[in-house]
Visitor: 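Supplied in structure tokens, the structure appears directly below.
Chain letters run A, B, ... following the sequence lines, proteins first, then strands; residues in each count from 1. The structure presented is a predicted model; accordingly, all values stated were derived computationally and were not measured.
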Amino acid sequence: MNLLYFAWLRQKIGKGEETMALPDGVASVADLIAHLKSLGPGYADAFAEDGRVRVAVNQKHSGLDAKVAADDEIAFFPPVTGG
Amino acid sequence: MIVSVRVQTQDFSLDAEVAALTAEGDPGAVAYFTGHVRKEGNLSSLTLEHYPGMTEAEITRMAQEAASRWPLTGVTVIHRVGRLAPGDRIVLVAVASSHRRAAFEACEFLMDYLKTSAPFWKEEARNGESHWVAARASDDAAMNRWRK
């Protein structure tokens with residue numbers, strides 16, 4: 001998987017992008033967030049409030065129940081504030 | 001239909017954009033909106049970040065959605081990223097149509113969409129400190145009125 005982090009998620013996690021093998025037992029975005037939270041305090045802080053995080057799977061807005069696969073691009077970001 | 005979607009650091013020329021937008025299709029009406037960085041007392045800069053690839057794809061998809069709802073001959077969306085100063089232009093949405101009402105409505109629809117779904121994030125610098133701008137529920141409400 002290619003994981004992307006934007007805005008304050010990038011700052012809390014300390015990087016904007018990383019490649020990761022699909023972890024065992026991870027089938028959905030919610031599973032992936034639970035796994036990421038276990039990786040360290042930066043991740044735990046970034047995902048502390050699930051309600052403040054949005055996700056895109058393969059560049060399409062998605063929900064927590066969306067399926068994830070090994071070759072997906074998955075991006076996490078705050079609610080958007082452009083315009 | 002002319003569709004031009006650009007995410008760029010540099011400013012844009014309204015005259016040049018309107019000329020390009022009206023080069024085909026003989027539109028009788030062009031409506032446009034420009035957004036600017038507010039000149040608030042303690043705001044020193046605004047830095048915009050986007051999701052390269054998805055941002056352009058989302059805006060293009062929404063331009064096509066607008067074209068399916070209104071009789072348009074062209075849409076131009078330019079959104080700036082990087083560091084901007086108070087007074088700088090942030091965004092241009094320009095819509096050309098043969099009908100005035102279609103141009104006005106499609107322009108507003110596209111701005112409401114940009115505010116709620118296009119992946120951009122603003123970080124403000126005030127008094128030497130940076131913070132990320134929070135999303136506003138009023139923007140979501142504005143977008144909801146277009147849902148069918």
Visitor: One pair to check against side-chain contact (heavy atoms from CB on, under 4.5 Å): B/Glu58 and A/His61. What are the steps and the verdict?
Guide: CA-CA 9 Å; B/Glu58 276 282 301; A/His61 289 293; 3.5 Å; yes
Visitor: Do B/Met111 and B/Val133 sit in the same hydrophobic cluster, where Ile, Leu, Val, Met, Phe, Trp and Tyr count as joined when their side-chain heavy atoms come under 4.5 Å apart?
Guide: no
Visitor: Using the rule that Ile, Leu, Val, Met, Phe, Trp and Tyr join whenever any side-chain heavy atoms are under 4.5 Å apart, tell me whether B/Met143 and B/Val77 fall into a single cluster.
Guide: yes
Visitor: For chain A, find its close neighbours in residues 36-53 of chain B: heavy-atom separation under 4.5 Å, sorted by number, or none.
Guide: B/Glu49, B/His50, B/Tyr51, B/Pro52, B/Gly53
Visitor: In terms of side-chain heavy atoms, does A/Gln11 have a donor or acceptor partner in B/Trp132 at a distance below 3.5 Å?
Guide: yes
Visitor: If you group Ile, Leu, Val, Met, Phe, Trp and Tyr by side-chain heavy-atom gaps below 4.5 Å, do A/Leu39 and A/Val68 land in one group?
Guide: yes
Visitor: Output yes when a side-chain donor or acceptor of B/Lys115 lies under 3.5 Å from a complementary backbone atom of A/Val80, and no otherwise.
Guide: no
Visitor: Atom CZ of residue position B/Arg126 - does it have more than 12 heavy atoms of other residues, nucleotides or ligands inside 6.0 Å?
Guide: yes
Visitor: Mark yes or no for whether A/Thr81, through its side chain, and B/Lys122, through its backbone, hold a donor-acceptor pair below 3.5 Å.
Guide: yes
Visitor: Output the option from B/Ser117, B/Ala134, B/Pro119 having the highest count of non-hydrogen pairs under 4.5 Å with chain A.
Guide: B/Ser117
Visitor: What residue in B/Arg136, B/His131, B/Met54 has the most heavy-atom pairs under 4.5 Å with chain A?
Guide: B/Met54
Visitor: If you group Ile, Leu, Val, Met, Phe, Trp and Tyr by side-chain heavy-atom gaps below 4.5 Å, do B/Phe109 and B/Val95 land in one group?
Guide: yes
Visitor: In terms of heavy-atom proximity below 4.5 Å to chain A, should B/Thr55 be classed as side chain, backbone, both, or neither?
Guide: neither
Visitor: Is atom CZ of B/Phe12 surrounded by more than 12 heavy atoms (other residues, nucleotides or ligands) closer than 6.0 Å?
Guide: yes
Visitor: In terms of heavy-atom proximity below 4.5 Å to chain B, should A/Arg52 be classed as side chain, backbone, both, or neither?
Guide: neither
Visitor: Examine A/Phe76 and A/Val26 and state if one hydrophobic cluster contains both, with Ile, Leu, Val, Met, Phe, Trp and Tyr joined whenever side-chain heavy atoms are less than 4.5 Å apart.
Guide: yes
Visitor: Give a yes or no on whether the backbone of A/Gly82 and the side-chain of B/Trp121 come within a donor-acceptor separation of less than 3.5 Å.
Guide: no
